[in-house]
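The structure appears below as C-alpha cells.
We use all heavy atoms of the structure for the numbers below, so side chains are in, but hydrogens, waters and symmetry mates are not. In the text below, chain A, chain B and the rest are named by the order of the sequence lines, each starting its count at 1.
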Amino acid sequence: QLSQNLEHVFKRLRGHGKLSEDNISEAMREVRRALLEADVNYKVVRTFINSVKEQALGSEVLRSITPGQQIVGIIHKELIDLLGGSTAELELSGNPAIILLVGLQGSGKTTTSAKLARSLRKQGRQPLLVACDVYRPAAITQLQVLGKQLDIPVYAEEGNRDVVQIAQAAIRESARYAANVVIVDTAGRLHIDADMMDEVKNLQKALKPAETLFVADAMTGQDAVNAAGTFAEAVTLSGVVLTKMDGDARGGAALSVREVTGTPIKYIGVGEHLDKLEIFHPDRMAGRILG
Amino acid sequence: FTGSVPLTEQMLEEIEETLISADIGVDLSLEIIENLRKNFPLNQVVDMATVVAFLRADLSQRMTSKPGEAEGHEKPYVILVVGVNGTGKTTSIGKLAHHYSKAGKKVLLVAGDTFRAAAIEQLAIWSERSGAELMQKEATDPSAVVFDALQSAKQRGLDVVIIDTAGRLHTQKNLMVELDKIQRVIKKVIPSAPHETVLTIDATTGQNGLIQARQFSQVTPVDHLFLTKLDGTAKGGIAIAIHHNLDIPVKYIGLGEQIEDIQNFDPVSYVEALFQ
Ligand SMILES: Nc1nc2c(ncn2[C@@H]2O[C@H](COP(=O)(O)OP(=O)(O)OP(=O)(O)O)[C@@H](O)[C@H]2O)c(=O)[nH]1
Ligand SMILES: Nc1nc2c(ncn2[C@@H]2O[C@H](COP(=O)(O)OP(=O)(O)OP(=O)(O)O)[C@@H](O)[C@H]2O)c(=O)[nH]1
Ligand SMILES: [Mg+2]
Ligand SMILES: [Mg+2]
C-alpha cells in the first residue's frame, strides 16, 4: 500500500510540466514518510530530503522540460550513492587472512560466519572457524555443528574465557589445519556494555584482522544508528553484513548504518541455509527501501 | 521541554521525532501529535510539565491491557512461544521457566526447534538452570515432540509446559504452515491449549514488527508480546503500534541475557523510560 503511494508521487512528479515549490515540498514530504516507514533513521532522512530538495529547486531541474522525471532520478541516484554506489568485496590480505564478526545479540553472526567459510572455500580458500562466543549457552556447539555440516574445521577451547587467547591460538594453529583464512565468531553484545566493547577492541588490537564485519539485522529500526555508530567508534569496521533480507523488512537500516559508519555493506544474508549469502547491490536495495 | 513557554510547531515536530525515533511509527506518531494539538492550542503559553504528563498518559493508556485475565488455572498451563529468528525465544523461555519454578510449579520445556544447529542443547542448558524438565526427541517434526510432551505433562500432572519453536520469518509459507500444524496438534491433546501464545519482539525491531505480529496472529492467535533486549538503547516503540493496531499487549520484557532478566510489563515505567 505504501509502495503505491510512492509510485503515485513519482507518477505525479513525472506527469507534471512546470513544478512549483509547493509541488516539490509536497513530494518531499511523501518521500520522507516513505523512508521513515522503511526504517531509515529520521536524522538520515532529514539530511537526505534536504539534499534532494536543494537539487530539486536548483536551476538545472527547473529549466528542464521534465522536472518531475529529473527529481525522481535525483532521489534514486542519491539513495544508491548513499548506499555505497557499487558492490564491495572482501579484502583478504595476510596469511592467514583474518575476518572478525561483531554485532548485537541475535543478528546472525554465527550463521554468517559459517556462510562466509563456505563461500570462501568455494572460491578456493581454506577456512578455519573460531568459536569466540564463550558466553551464550551452546554457542560453541552451534558453530561446531555448522562446521561439521560444511566439513570445515572449527577451533574452540571449552572452558577458556579469554577470547583473545583463543583467537591467537587458532591463528597459530591455522597452519596445522592448512587454513589460509581464519573466521572469528564473537558473542552478541550491546554497544552500551563497556566490558564487552572492550573485549572487541582487544580482539581487533590483538588480531589485526583484514576484515572486521558488523553483522546487522535487516529489520532493525531507528536504533540502527546508535549501535552501528558506537561499534564504528570502538573498532574499525571494514564492512557490514545485513542479515534476514529474505524477510519483507524494507531495510532502511542499511542506509542508516552506511551513513553513520561510512562502511560499505558487503553482503546480505537471504536465508538460514549456509548457501544463503549474497553480494550487496546498492541499486536493488534502493528500490527495496523506496518500496 | 520545561517551564511555561508557547507550544510551537517546531516543538511539535521535535516531539514527533522523539516518537518516531522510538519506532512508534509515522501513523501513530501523527495521531498522538493530533491529540496534542486538540488539547493544547498552538503558540499559546503552556506549562510544559502538563504537555509531558499528557503525552505520558496517552501512551501508557495505549499500552494498558484490560484487566481480568484469569490464567494459570488450567493444568498443565501451556505456553507456546513463537517469533522471528534471533528475537530471544529460547532465552526468554529459560527466564519464564525459572519464574514458574521459583513459584513452586513443575515446569516442562519442549524442544520444538528441531532444525537449528544446537537449538536443543541451548534449551537443555536453560532447563538445567531453571530446574525445569526437558522433552526432546530425535524427531525432525516439531509436532511430534509437542504431541509427546503434552501427553506426558497431562499424565504426570505437571503445572506448566513451555514450547520453544524454531525462529521463522512470516514470509516463509512452509514455516507458517508448520506453526499452524503445531498449534493444531496442541489442540488435539489439550483442546483449550495453548493457554498463552507469546510472540517475541526484539526491541530493536522497526516497522516490520507490526507486519510480524499481524502475520503470526493469522496463523495462531497471539495473546501477548515478550519485548526482548530492552536493556539496549532501542525503545521498542513498535510494541505500542502492535497494541494499538492488533490489541496484543506486552506482558513481559527482557532486560538482559541472564535468567533473572525478565520483568512484568508496566506501561507507566515503560513510557517514563521513553522520554528519557
Ligand atoms: N531467515 C534468515 N535467518 C537467518 C539469517 N541469518 C541468520 N538467521 C537466523 O537468525 C537466528 C540467529 O542467528 P545466529 O547466527 O545464532 O545469530 P548470532 O548473531 O550469532 O546470535 P548471538 O550469538 O546470540 O548474538 C538463527 O535462527 C539463524 O538461523 C538470514 O539471512 N535469514
Ligand atoms: N541483551 C539482551 N540479549 C538478549 C535478551 N534476550 C535474548 N538475548 C540474546 O539474544 C540472542 C538470541 O537469543 P535466543 O534465545 O537464541 O533467540 P531465539 O529467538 O531463540 O533464536 P532462534 O531460535 O535462532 O530463532 C542471544 O545472544 C541471547 O542471549 C535480552 O533481553 N537482552
Ligand atoms: Mg552467535
Ligand atoms: Mg531459539
Side-chain angles (χ1 to χ4, degrees), chain A residues 2 32-34 36-43 45-46 104-111 114 135-149 187-193 216-227 230 243-244 246-253 271-272, chain B residues 16-27 29-30 84-91 94 115-126 128-129 166-172 175 200 202-209 211-212 215 228-229 231-238 254 256-257:
Chain A
L2 173 74
R32 171 181 181 269
R33 184 183 181 120
L36 287 173
E37 294 187 344
D39 291 324
V40 181
N41 183 270
Y42 75 94
K43 290 191 190 129
V45 173
R46 193 190 302 144
L104 296 177
Q105 289 90 345
S107 63
K109 297 173 294 299
T110 305
T111 308
Y135 310 98
R136 169 174 151 154
I140 295 176
T141 309
Q142 184 184 3
L143 194 62
Q144 287 171 329
V145 170
L146 294 178
K148 194 144 178 285
Q149 283 176 11
R189 69 202 63 228
L190 291 179
H191 49 294
I192 51 172
D193 185 334
D217 195 321
M219 65 191 194
T220 311
Q222 297 287 310
D223 195 60
V225 293
N226 297 326
T230 309
T243 63
K244 306 175 204 173
D246 44 318
D248 56 5
R250 298 264 294 281
E272 287 192 83
Chain B
E16 190 207 11
E17 283 182 347
T18 303
L19 298 175
I20 286 178
S21 70
D23 288 312
I24 287 173
V26 175
D27 281 340
S29 300
L30 287 177
V84 162
N85 307 69
T87 51
K89 297 176 291 301
T90 306
T91 307
F115 165 74
R116 209 208 66 209
I120 298 177
E121 287 87 336
Q122 184 186 7
L123 190 65
I125 291 171
W126 284 110
E128 276 171 47
R129 288 178 179 179
R168 71 201 66 227
L169 295 179
H170 49 281
T171 47
Q172 291 159 320
L175 293 186
T200 50
D202 188 323
T204 64
T205 306
Q207 297 311 298
N208 194 254
I211 303 176
Q212 290 171 27
Q215 298 290 76
T228 63
K229 310 179 198 172
D231 46 320
T233 52
K235 303 291 185 181
I238 196 63
E257 302 187 73

With respect to chain B, which residue among [options] yields the maximal number of heavy-atom pairs within a distance under 4.5 Å?
options	answer
T230(A), I140(A), L190(A), L143(A)	L190(A)
A253(A), A139(A), G247(A), G271(A)	G247(A)
P137(A), A249(A), A114(A)	P137(A)
I192(A), D193(A), V145(A)	I192(A)

With a 4.5 Å cut-off on heavy-atom pairs, point out which of [options] contacts chain A the most.
options	value
Q212(B), K229(B), R129(B)	K229(B)
G86(B), A203(B), G94(B)	G86(B)
I211(B), L169(B), T233(B)	T233(B)

In Å, rounded to the nearest 0.5 Å, how long is the span from [atom1] of [X] to [atom2] of [Y]?
X	Y	atom1	atom2	value
D217(A)	N208(B)	CG	CG	9.0 Å
Q105(A)	D231(B)	CD	CG	7.0 Å
Y42(A)	L19(B)	OH	CG	10.5 Å
N85(B)	K244(A)	CG	NZ	6.0 Å

Minimum heavy-atom distance [X]-[Y], with the two atoms named:
X	Y	result
G206(B)	D39(A)	CA-OD1, 3.3 Å
Q172(B)	D246(A)	NE2-OD2, 3.9 Å
Q142(A)	A117(B)	CG-O, 3.5 Å
Q222(A)	D23(B)	N-OD1, 2.9 Å
A138(A)	A118(B)	O-CB, 3.8 Å

Contact origin within [X] toward chain B - heavy atom pairs under 4.5 Å:
X	answer
D248(A)	both
R32(A)	side chain
Q144(A)	neither

Check each atom of [X] against the heavy atoms of chain A and say whether the ones under 4.5 Å are side chain, backbone, both or neither.
X	answer
T228(B)	neither
E16(B)	side chain
I20(B)	both
E257(B)	side chain
L30(B)	side chain

Next on the checklist: Could you tell me if the side chain of Q207(B) sits less than 4.5 Å from the side chain of L36(A), heavy atoms only?
Outcome noted: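 L36(A) does not reach Q207(B) side chain to side chain.
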